[in-house]
Amino acid sequence: MATPAPLPAIQALAPYTPGLSIAEIAARYDLPQVIKLASNENPLGCSPLATEAISRCAASAFRYPQGGNPRLAAALARKYHAPADRIAIGNGSDEIIDLLIRILAQPGEHNLVCFEPCFSIYPIQAQINGVACKRQPLEPDFSFDFQKLLALVDTDTRLVFITTPDNPSGYLPPLASVRQLADDLARKAPRALLVIDEAYMDFAPDEAASSLLRQGRLPANTAILRTFSKSYGLAGLRIGFAVLPERIAAAYWAARLPFSLNLLAEEAALAALDDACFHALTLKTVTAGRQILREALESMGCAVYPSAANFLMFSLPAGHAASACFEHLLRKGVIIRPLKSYGLPHLLRVSVGNKAENKAFIAAMADFLA
Ligand SMILES: *Cc1c(COP(=O)(O)O)cnc(C)c1O
């Protein structure tokens with residue numbers, strides 16, 4: 001008897017390469033303590049109000065969550081000054097990315113356009129959904145040339161993805177150029193949605209001046225993605241949100257699995273939104289830590305790229321291999337992110353940690369470079 005074969009597009013998938021987990025490294029090198037600076041998680045953990053909400057609601061776990069998450073949508077609408085009927089919520093931004101592709105692109109016919117390298121979920125979900133992905137290499141300094149990106153857009157393009165600030169570089173494109181991209185795209189491809197992934201935007205030095213979401217009404221062809229995984233400290237609960245054009249928001253809620261956001265995640269998100277103090281302390285910690293890490297790396301001869309996010313991308317002084325550095329740090333109990341899976345084998349990315357974590361990382365780096 002034969003086993004049914006998965007579709008060719010599925011068989012061809014290279015699985016997502018996540019950062020290594022603390023448990024894996026602790027076991028492999030027999031370490032009592034491991035520091036993870038590989039996945040851009042919150043260096044302060046999660047908001048105490050969020051953990052309190054999870055405990056308070058734990059006994060309600062037998063209930064289904066409320067379909068459509070209206071309480072969270074209303075809270076997000078207030079916080080981000082957007083109409084509630086334009087808010088989408090998903091099981092991480094990952095679910096929103098996947099559904100936007102499925103809502104807008106006909107498999108085998110339409111395409112999406114993004115940069116190379118970029119957040120790997122865009123091309124992976126495109127492939128899973130049978131949608132071609134056209135990719136424009138970044139400039140050598142990791143900045144964006146939107147004219148080159150636009151040159152890839154054709155009559156079959158239904159989505160264009162950009163990340164700002166970008167992952168893995170931390171590059172922040174000027175707001176005026178993003179707005180221009182939305183205008184140019186509307187003219188060239190009226191049926192294409194510009195998806196601006198602002199997962200790291202609240203870490204930007206001047207969020208209000210850098211985010212299209214903060215400018216009031218969005219262009220009619222533009223969607224903004226945000227997440228609870230980074231500055232709100234809830235990566236493990238999987239909560240993403242977006243502000244979408246009305247029509248696409250309606251399609252989103254029709255297409256989304258009714259209960260994809262679980263009950264405890266929704267309660268924790270509501271509590272985290274209320275904890276302005278924790279959020280502000282996170283931004284302060286990341287901003288200060290980012291500067292300390294930059295100075296330390298530069299003083300050791302590393303080249304550090306400009307970053308408006310909660311991580312730094314860097315290269316080592318001549319004569320040192322990124323893979324050896326990564327391995328050396330692992331043995332010292334510090335996990336960072338090698339960028340080989342992004343096609344950047346000579347570069348490394350480190351998330352900004354808390355004071356003790358940053359110190360341990362700097363010490364391990366000094367030890368490697370000595
Ligand atoms: C971390 C990250 C996200 C967040 O994804 P979630 O599914 O919400 O955890 C989105 N986009 C980029 C570019 C990221 O790096």
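One-based numbering, in listed order, for ligands and for the atoms of each. Below, each value reflects all heavy atoms present in this structure, side chains not excepted, and no hydrogens, waters or symmetry copies. Bear in mind the structure is a predicted one, so any value in this text is a computation, not a measurement.
For Asp197, the closest heavy-atom approach to ligand 1 falls below 4.0 Å. Proximity of Tyr200 to ligand 1 is established by a heavy-atom distance of less than 4.0 Å.
Considering every non-hydrogen atom in both Leu172 and Ser210, the closest pair reads CD2-OG, 3.6 Å. Across all their heavy atoms, Asp275 and Pro48 have their closest contact at OD2-CD, 3.8 Å. Between Phe119 and Asp197, the closest heavy-atom pair is CD2-OD2, 4.1 Å. Of all heavy-atom pairs spanning Lys134 and Asp154, the tightest one is NZ-OD2, 2.8 Å.
Taking NZ of Lys332 as the reference point, atom CE of Met365 lies at 13.0 Å (rounded to 0.5 Å). Leu329 contributes atom CG, which lies 11.0 Å from atom CZ of Arg331 (distance to the nearest 0.5 angstrom).
For Arg238, a nitrogen or oxygen atom sits less than 3.5 Å from a nitrogen or oxygen atom of ligand 1, counting backbone and side chain alike. Between Thr227 and ligand 1, at least one N/O pair is under 3.5 Å apart. Not a single N or O atom of Tyr122, backbone or side chain, sits closer than 3.5 Å to an N or O atom of ligand 1.
Counting only N and O atoms by type, the side chains of Arg238 and Asn262 include no donor and acceptor under 3.5 Å apart.
Screening Glu109, His110, Gln106 for a side-chain hydrogen bond (donor to acceptor under 3.5 Å, both in side chains) involving Arg158 leaves a single residue, His110.
Under 4.0 angstrom from ligand 1, the non-hydrogen atoms of Ala199 all belong to its side chain. Counting heavy atoms closer than 4.0 Å to ligand 1, residue Asp94 contributes atoms from both its backbone and its side chain.
For ligand 1 and Ser229, the ligand atoms under 4.0 Å from any heavy atom of the residue are 6 (P), 8 (O), 9 (O). Interface of Thr163 with ligand 1, defined as ligand atoms under 4.0 Å from a residue heavy atom, comprises 13 (C). Contact atoms of ligand 1 toward Lys230: 1 (C), 2 (C), 3 (C), 4 (C), 14 (C), 15 (O) (distance under 4.0 Å to a heavy atom of the residue). In the vicinity of Gly92, heavy-atom distances shorter than 4.0 Å reach the ligand 1 atoms 6 (P), 7 (O), 8 (O).
Of the protein's heavy atoms, Ser93 OG, 3.6 Å lies nearest to atom 5 (O) of ligand 1.
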